[in-house]
Number of protein chains: 2
Amino acid sequence: MHIERAISASHSLTRVKTKSSIVAKPPSQDTPLNEHLAYLLAQANREINRQLEMRLAKEGVPVEQWRILKVLSDGNGRSMGELAEAVLLNHPTLTKIVDRMVSDALVYRVQDPKDRRKVLMFCSERGKILCQRLNSLAMSQEAHIVENYGNKSTNELKRLLESLIDSAN
Amino acid sequence: MHIERAISASHSLTRVKTKSSIVAKPPSQDTPLNEHLAYLLAQANREINRQLEMRLAKEGVPVEQWRILKVLSDGNGRSMGELAEAVLLNHPTLTKIVDRMVSDALVYRVQDPKDRRKVLMFCSERGKILCQRLNSLAMSQEAHIVENYGNKSTNELKRLLESLIDSAN
DNA sequence: TGCCAATTGTTGAACTTTCAATATTTTCGC
DNA sequence: GCGAAAATATTGAAAGTTCAACAATTGGCA
């Protein structure tokens, strides 16, 4: 494995040198951390998520709860499994967050009559109303990003992220 | 705040309609979750991070520890504050991860002689050797992404992420 | 039909992260 | 130079997440 990597690295290096040694850089063993895709994603995610978190704090709601409300706000029920997938949480974590939201009367559980292993989650009226306020806050954050970063870049970045996610599955 | 947003939203809507109603979509109050930049970043980060985690698991090392080793592997010491910034962790979390790494003899602490409030972190020889093996694993993951996603997209995405991060500061 | 494996969701224990408070050292105004 | 305020790192308690085990239900096949 190490050997194949070394070979492909020097291949790229050679090819690149014949063109330009500035534009595309060869994959090197000691690529700085901040040139790794995984790191850049983590950094960008951390920053944008922190901004969103601060906005949503006006309503005292964590980002995960906003995601849950948003998914359920179309009125259709979702099983815990579907919901976990949609909001990027694993099952036990979702269960516990949902417990809190049920206590706050934002969502409720219904046993699925078609398959009694499943629990269908629904958004309460109260949850829907809160969700609208949260949507405003989230939209205003995204507008703020677009202001500084530009509409074109934002759309291009979204497009690239979508296709990265596709290609990773 | 809500009002201003509503106004700027309808502005965009109007402007967009005169051009094309397909390419650029107006910011709508119920934009689906998976069209939000914050969500796409979280999703992409989750997926890529999970892949990297699986690779590094061959050496039994969490992603955060790889980052720490990578930053320190140039032999220069860093204060806990600098290190926390560089590896995207807050101070108490870093302190505790570093505690574990000191137990494993991967890094060590030295009191900064210039400013005795500070602690300088260094990478041990053992840490450097491990870091090289981890670098190979990380490079092979990135190569795998490039295979599926393409060199052009990868570089373009990195560029956009860097400039997003810049614009957010 | 009856049984075994797979699916779904929850629970409790272990582990990790975060928050607030603390200790130490430095900086700066007076 | 002294003392208050700021900077730096750590600690312990609280909160959150994850892992493994469990309970309930369904599906399939002998």
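Since this is a predicted model, take the numbers as computed values, not measurements.
Computed from coordinates, the A:Ile97 CD1 to D:dA15 P distance equals 15 Å when rounded to whole Å. Rounded to an integer number of Å, the gap from NZ of A:Lys114 to P of C:dT8 is 17 Å. Protein atom CG of A:Asn90 is 14 Å distant from nucleotide atom P of C:dG9, rounded to whole Å. Rounded to an integer number of Å, the gap from B:Gln111 CD to C:dT26 C1' is 12 Å. Atom C1' of nucleotide C:dC15 and atom CD of B:Glu64 are separated by 14 Å, given to the nearest angstrom. Atom pair B:Asp112:CG and C:dT27:P shows a separation of 11 Å (rounding to whole Å applied).
Clustering of Ile, Leu, Val, Met, Phe, Trp and Tyr side chains at separations under 4.5 Å leaves A:Val146 isolated, with no partner residue.
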Could you go through nucleotides 7-11 of chain D and list every protein N or O atom that sits under 3.5 Å from one of its N or O atoms, giving the distance for each pair?
| unit_1 | atom_1 | unit_2 | atom_2 | d |
| --- | --- | --- | --- | --- |
| D:dA7 | O4' | B:Arg117 | NH1 | 3.3 |
| D:dA9 | OP1 | B:Met80 | N | 2.9 |
| D:dA9 | OP2 | B:Gly81 | N | 2.7 |
| D:dT10 | OP1 | B:Arg109 | NH1 | 2.5 |
| D:dT10 | OP2 | B:Thr95 | OG1 | 2.8 |

- [ ] Evaluate side-chain contact (heavy atoms from CB on, under 4.5 Å) for A:Arg50 paired with A:Glu47, printing each intermediate quantity in order.
- [x] CA-CA 5 Å; A:Arg50 175 156 38 207; A:Glu47 186 56 38; 3.7 Å; yes
Worksheet entry | Test side-chain contact (heavy atoms from CB on, under 4.5 Å) applied to B:Tyr108 and B:Val102, step by step | CA-CA 6 Å; B:Tyr108 56 94; B:Val102 170; 5.6 Å; no
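In the model, B:Asn90 has a side-chain atom that pairs as donor or acceptor with a side-chain atom of B:Thr93 under 3.5 Å.
In terms of heavy-atom proximity, B:Lys128 sits nearest to B:Ser73 at CE-O, 4.1 Å.
With rounding to the nearest 0.5 angstrom, the CG atom of A:Leu83 is 11.5 Å from the CZ atom of A:Arg67.
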